[in-house]
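Working notes, beginning with the structure itself.
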Amino acid sequence: MENFFQKVYNLVLQIPSGKVATYGQIAFLLGSGRSARIVGWAMKAAPEDLKLPCHRVVNIQGELAPDYAFGDKSVQRTILENEGITFLKNDKINMKKHLWQGISLTSNSN
DNA sequence: CGCGCGGCCTAGC
DNA sequence: AGCTAGGCCGCGC
C-alpha cells in the first residue's frame with residue numbers, strides 16, 4: 001500500500017518529456033482534487049534518487065514553482081524548455097499544448 | 001501516540 | 001487581479 005506521496009511520485013514519474021501536469025490533475029487522479037497541496041509537498045519531500053520530474057509539475061495556471069522549489073525559477077524554465085515545453089509571453093507554460101493527458105480517459109491500468 | 005500546523009494548490013469572493 | 005477560505009495528509013512537537 002503506497003502512501004499518497006508514493007502515488008504522487010508514481011504519476012509524476014509517468015509524465016513524459018515535453019508534457020506537463022498540474023497538481024490538481026495529479027490529485028484528481030489520486031482521487032482527491034482538493035489534495036493538490038499535498039502533491040506540492042510531495043515534490044519537496046521527494047527523494048532525489050527518485051529523479052522525480054517535479055519540473056514537469058506546475059500549477060493549473062501554467063506557472064512554474066516558486067523560487068524556493070528549484071532555487072530559481074529560471075532553472076525550472078530552462079529545464080522545461082529543454083524538454084520541449086513552450087512558454088507564453090507571460091512566462092507561463094502553454095498548458096493548451098503541453099498539458100499531460102496520458103491517463104485520465106484512455107487506460108486506467110494503474 | 002495524539003493534536004496541530006503547514007504546504008510547489010484551487011476555487012471562490 | 002488579489003486575497004481568503006477550504007479539504008487533505010505528512011511531519012513536528
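Chain A is the first sequence line, chain B the second, and so forth, proteins listed ahead of strands; every chain is numbered from 1.
- A/Val12 is not connected to A/Phe28 by any chain of hydrophobic side-chain contacts under 4.5 Å among Ile, Leu, Val, Met, Phe, Trp and Tyr, and they are in different clusters.
- In summary, contact between chain A and DNA chain C, defined as any nucleotide atom under 4.0 Å from a heavy atom of the protein, begins and ends at C/dG6 to C/dG10 in the 5' to 3' direction.
- A donor-acceptor pair is defined here as one N or O able to donate and one able to accept, closer than 3.5 Å; no such pair exists between the side chain of A/Gln76 and the backbone of A/Asp72.
- In this structure, the side chains of A/Lys92 and A/Phe87 stay at 4.5 Å or more apart for every pair of heavy atoms.
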Could you walk me through whether A/Phe70 and A/Leu64 satisfy the side-chain contact (heavy atoms from CB on, under 4.5 Å) test, starting with their C-alpha distance in whole Å, then the side-chain angles of each, then the deciding distance to 0.1 Å, before giving a yes or no? CA-CA 10 Å; A/Phe70 286 87; A/Leu64 300 181; over 6 Å; no
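- With a 4.5 Å cut-off on side-chain heavy atoms, A/Met95 and A/Ile60 do not count as touching.
- Along DNA chain C, the nucleotide closest to A/Phe4 and the one closest to A/Arg37 are compared, and the more 5′ of them pairs with A/Arg37.
- The separation between A/Trp41 atom CH2 and B/dG7 atom C1' is 6 Å, rounded to whole Å.
- Base pairing of B/dG7 is made with C/dC8, judged by Watson-Crick or G-U wobble geometry with both donor-acceptor distances under 3.5 Å.
- No engagement by A/Phe70 is indicated, since no non-hydrogen atom pair under 4.0 Å with the nucleic acid exists.
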Under 3.5 Å, which N/O atoms of the protein pair with N/O atoms of nucleotides 10-13 of chain B?
from	atom 1	to	atom 2	distance (Å)
B/dT10	OP1	A/Gly24	N	3.3
B/dT10	OP1	A/Ile60	N	3.1
B/dT10	OP2	A/Ile60	N	3.1

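- A/Glu63 places none of its side-chain heavy atoms less than 4.5 Å from the side chain of A/Ile93.
- In plain terms, the two heavy atoms of A/Thr86 and A/Lys97 that are nearest each other are OG1-CD, 3.9 Å.
- Inter-residue side-chain proximity for A/Thr22 and A/Val39 is flagged as unmet; no heavy-atom pair is nearer than 4.5 Å.
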